[in-house]
Amino acid sequence: EDKVVQSPLSLVVHEGDTVTLNCSYEVTNFRSLLWYKQEKKAPTFLFMLTSSGIEKKSGRLSSILDKKELFSILNITATQTGDSAVYLCAVEFWSGTASKLTFGTGTRLQVTL
Amino acid sequence: DTEVTQTPKHLVMGMTNKKSLKCEQHMGHRAMYWYKQKAKKPPELMFVYSYEKLSINESVPSRFSPECPNSSLLNLHLHALQPEDSALYLCASSPQVIATGELFFGEGSRLTVL
């Protein structure tokens, strides 16, 4: 069965801290891994990763994929209260008839002053 | 226009009602999706449409009936729902269904079944 597992499930940090969120997966016909941020409503896209070892960066956020060990990490440096959200990892794979996206359980991040 | 628009934002219905959720995108995307999200859980895939044809049904009960009248619109018809069907229903689209990459999500329709 295809599965995506995130850790930790929740995390509380102080503003300015650096956090690392983990995502491991077991799927057949892997295509890509995506990170989303979800505050109150729709998930918003952060990164898409398809190749191992190539870091993607956007401001204080960065992410990397390891296709051999089947995991990805999302780093957030100098955290701010606005980073408080649920961070979802999703893996895209080919089901035989269509490409599907399966989400992990998410990591709930709370950044305090 | 990079938006996926969902209506209504909130819906309360009884178990005998018939209602519909609507989703619209004008990005020229050819793949559209319905996801269901319960509180504090990740989104779960329900249906995938590719070029207006249903390509994936994740064993969703028949009381949920999707419809894709054209490439810009996606509906979810609801009938005889149960209280456990209360959830946030998210619509999403992507340029193609093969190697979808990023999904563009709407803000969701929050459904309460009494």
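Just so you know, these numbers use all the heavy atoms, side chains as well, and skip hydrogens, waters and symmetry mates. Throughout, a chain's letter reflects where its sequence line sits, starting with A, and its residues are numbered from 1.
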Between B/Phe105 and B/Tyr49, is there a shared hydrophobic cluster once you connect ILVMFWY residues whose side-chain heavy atoms come closer than 4.5 Å? no
Is there a path of hydrophobic side-chain contacts, each under 4.5 Å between heavy atoms, that joins A/Leu74 and A/Val19? yes
Please step through side-chain contact (heavy atoms from CB on, under 4.5 Å) for the pair A/Leu101 and B/Tyr35, ending with a clear verdict. CA-CA 10 Å; A/Leu101 201 63; B/Tyr35 279 84; 3.3 Å; yes
Between CZ of A/Phe45 and CZ of B/Phe104, what distance do you get to the nearest 0.5 Å? 8.0 Å
With a 6.0 Å cut-off (strictly less than), is the heavy-atom count around CD of A/Glu26, excluding the residue itself, greater than 12? no
Does A/Leu21 belong to the same Ile/Leu/Val/Met/Phe/Trp/Tyr cluster as A/Ile73, with side-chain heavy atoms less than 4.5 Å apart forming each link? no
Measuring heavy-atom distances to chain A, does B/Glu58 have an atom under 4.5 Å in its side chain, in its backbone, in both, or in neither? side chain
Checking heavy atoms, do the side chain of B/Ser50, its backbone, both or neither come under 4.5 Å from chain A? neither
Give a yes or no on whether A/Lys37 atom NZ has more than 12 heavy-atom contacts from other residues, nucleotides or ligands under 6.0 Å away. yes
Would you say A/Phe103 ends up clustered with B/Leu90 if hydrophobic residues are merged whenever their side chains have heavy atoms under 4.5 Å apart, either directly or through other cluster members? yes
Can you check whether anything in residues 37-48 of chain B gets within less than 4.5 Å of chain A, heavy-atom wise, and list it by number? B/Gln37, B/Lys40, B/Pro42, B/Pro43, B/Leu45
A/Leu34 and A/Phe71: same hydrophobic cluster, using ILVMFWY side-chain contacts below 4.5 Å? no
Turns out that what part of A/Ser95 lies under 4.5 Å from chain B's heavy atoms comes down to side chain
Is chain B contacted by the side chain of A/Gln6, its backbone, both, or neither, given a heavy-atom distance below 4.5 Å? neither
In this structure, CG of B/Leu103 is separated from CD of A/Glu92 (nearest 0.5 Å) by 8.0 Å
